[in-house]
Amino acid sequence: MKDLKHLIYFEDLLQEANNALVQQAKAEGKYAIGYTCYFMPEVLLDLPGCFSVRLRAPRCTSPDIATYYMSARVCHYGRSLFERALEGGFNFLDAQMATETCTVTCRFQEHLQRMDIIKNDNFFCEFIDVPFKRTENNYEHYREQLRYHVLGKLNEKFGIDVSDKALMQAIEQHNEVCRLINEIGDYRKLDNPTITGYEFQVIQLATLVCPKYLILDKLRETAEEMKTREPDPKPNYRCKVVLAGSENDDPDFTKLIESCGALVVCDRHCYGAVESRQPIVVKEGQEPLDAIARHYLDTSNCPRFMPQDEMRERKRRLAELVKEYKADGLIIASNKFCEYWSYERVIDTVVMKRDFGIPVCSIEKEYINSASGQLRTRFQAFVESVEIKKIQEGK
């Protein structure tokens with residue numbers, strides 16, 4: 001396929017957390033607000049006067065110093081973030097809005113709070129408590145946590161406008177990003193998709209780590225470009241897969257999968273678009289903050305929700321995505337020592353094949369793919385098994 005006009009531009013923005021657009025927004029006097037989890041609503045961090053940055057540690061391979069503080073038996077993602085912070089890679093942050101959800105990222109954020117790491121006089125770290133259930137009491141608790149610990153602190157520390165009018169403005173910008181990302185991503189549903197999983201993940205990640213108002217023009221141009229993009233006459237993939245699992249902000253991991261013949265047509269993982277790019281609906285007469293709180297609790301498929309009905313619903317949702325995106329199989333990847341997703345991955349490996357007849361490739365990996373040779377062997381074997389299954393079924 002013809003190269004996307006802005007793909008190299010998007011790729012360059014992913015090379016460092018303090019990328020060119022972050023630096024531009026900072027130069028304009030806006031505040032950079034970091035976060036690590038879906039349960040910290042990015043829309044609240046994109047209020048006029050500030051912008052959200054979902055934290056990554058690109059190209060971090062040896063978090064040796066971070067391991068000294070956090071031990072080798074915690075997720076490589078949390079250690080990599082802390083290593084990058086120790087190196088000075090997050091000194092541009094004015095605040096870290098933290099969630100007490102994932103234990104490892106919680107520990108990373110506690111270190112930021114208690115140690116003098118971020119060399120920025122503005123910097124502070126604030127935590128919110130996130131419920132484990134969806135009841136009216138939980139919605140109210142979550143909403144008030146956001147009101148006090150996020151909106152209250154942004155207004156107190158930086159003078160950010162947190163009025164309903166400002167919230168609606170942030171929601172409109174968020175929904176525009178969602179519309180464009182979904183429009184681009186829907187081309188993955190075609191019989192012969194006109195965008196690769198790697199290309200889509202690069203674009204999606206750019207919307208998470210850059211000030212949205214500075215990237216909207218490139219998204220609009222890309223969406224327009226996709227309308228006339230022609231697929232390769234002969235598909236260069238052997239099967240289609242849904243990629244699910246834990247934190248995944250490395251497009252090279254998707255590229256590795258696709259180099260083995262499996263086109264990634266859907267991203268049901270942390271940092272993916274399946275959840276984070278659903279528009280926020282504010283009902284007539286509803287307080288915008290209430291709509292935001294309900295949206296993020298209702299749309300999450302995080303395995304920290306452990307009731308049996310929630311777990312069964314997540315499996316059904318995965319099966320629906322496989323059907324919707326016309327995929328042939330499912331790759332479920334969890335980071336080593338990831339508490340929630342280690343359990344979820346093992347259960348999915350059994351249930352998705354047993355109850356839904358979907359071929360599953362189960363992978364445990366590090367944050368950075370140092371064992372790419374072993375992963376390549378696993379993916380190639382999985383692709384071959386999917387092909388054999390299709391032959392046996394006469395497809």
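- In terms of the salt bridge (charged side-chain N to carboxylate O under 4.0 Å, His left out) criterion, residue partners of Glu183 (sequence neighbours excluded) are, by chain and number, Arg179.
- In terms of the side-chain hydrogen bond (donor to acceptor under 3.5 Å, both in side chains) criterion, residue partners of Asn301 (sequence neighbours excluded) are, by chain and number, Glu275.
- With sequence neighbours left out, Arg147 forms a salt bridge (charged side-chain N to carboxylate O under 4.0 Å, His left out) with Glu144, Glu287.
- By the side-chain hydrogen bond (donor to acceptor under 3.5 Å, both in side chains) test, Asp249 is found to be paired with Tyr367, residues two or more places apart in sequence or in another chain being considered.
- In terms of the salt bridge (charged side-chain N to carboxylate O under 4.0 Å, His left out) criterion, Glu126 has no residue partners (sequence neighbours excluded).
- Side-chain atoms of His174 and Asp46 include no donor-acceptor pair closer than 3.5 Å.
- Listed by first and then second residue, the salt bridge (charged side-chain N to carboxylate O under 4.0 Å, His left out) pairs that reach into residues 70-82 come to none, sequence neighbours excluded.
- Lys2 meets the salt bridge (charged side-chain N to carboxylate O under 4.0 Å, His left out) test with no other residue; sequence neighbours excluded.
- Shown here are the side-chain hydrogen bond (donor to acceptor under 3.5 Å, both in side chains) partners of Thr135, two or more places apart in sequence or in another chain: Asn138.
- Scored by the ring pair (Phe, Tyr, Trp, His ring centres under 6.0 Å) test, Tyr139 finds no partners at all (sequence neighbours excluded).
- Contacts of His6 classified as ring pair (Phe, Tyr, Trp, His ring centres under 6.0 Å), with partners at least two apart in sequence or in another chain: none.
- The side-chain hydrogen bond (donor to acceptor under 3.5 Å, both in side chains) check on Thr377 picks up nothing, with sequence neighbours excluded.
- Within the structure, salt bridge (charged side-chain N to carboxylate O under 4.0 Å, His left out) pairs that include any residue of residues 100-122 comprise Asp116-Lys119 (at least two apart or interchain).
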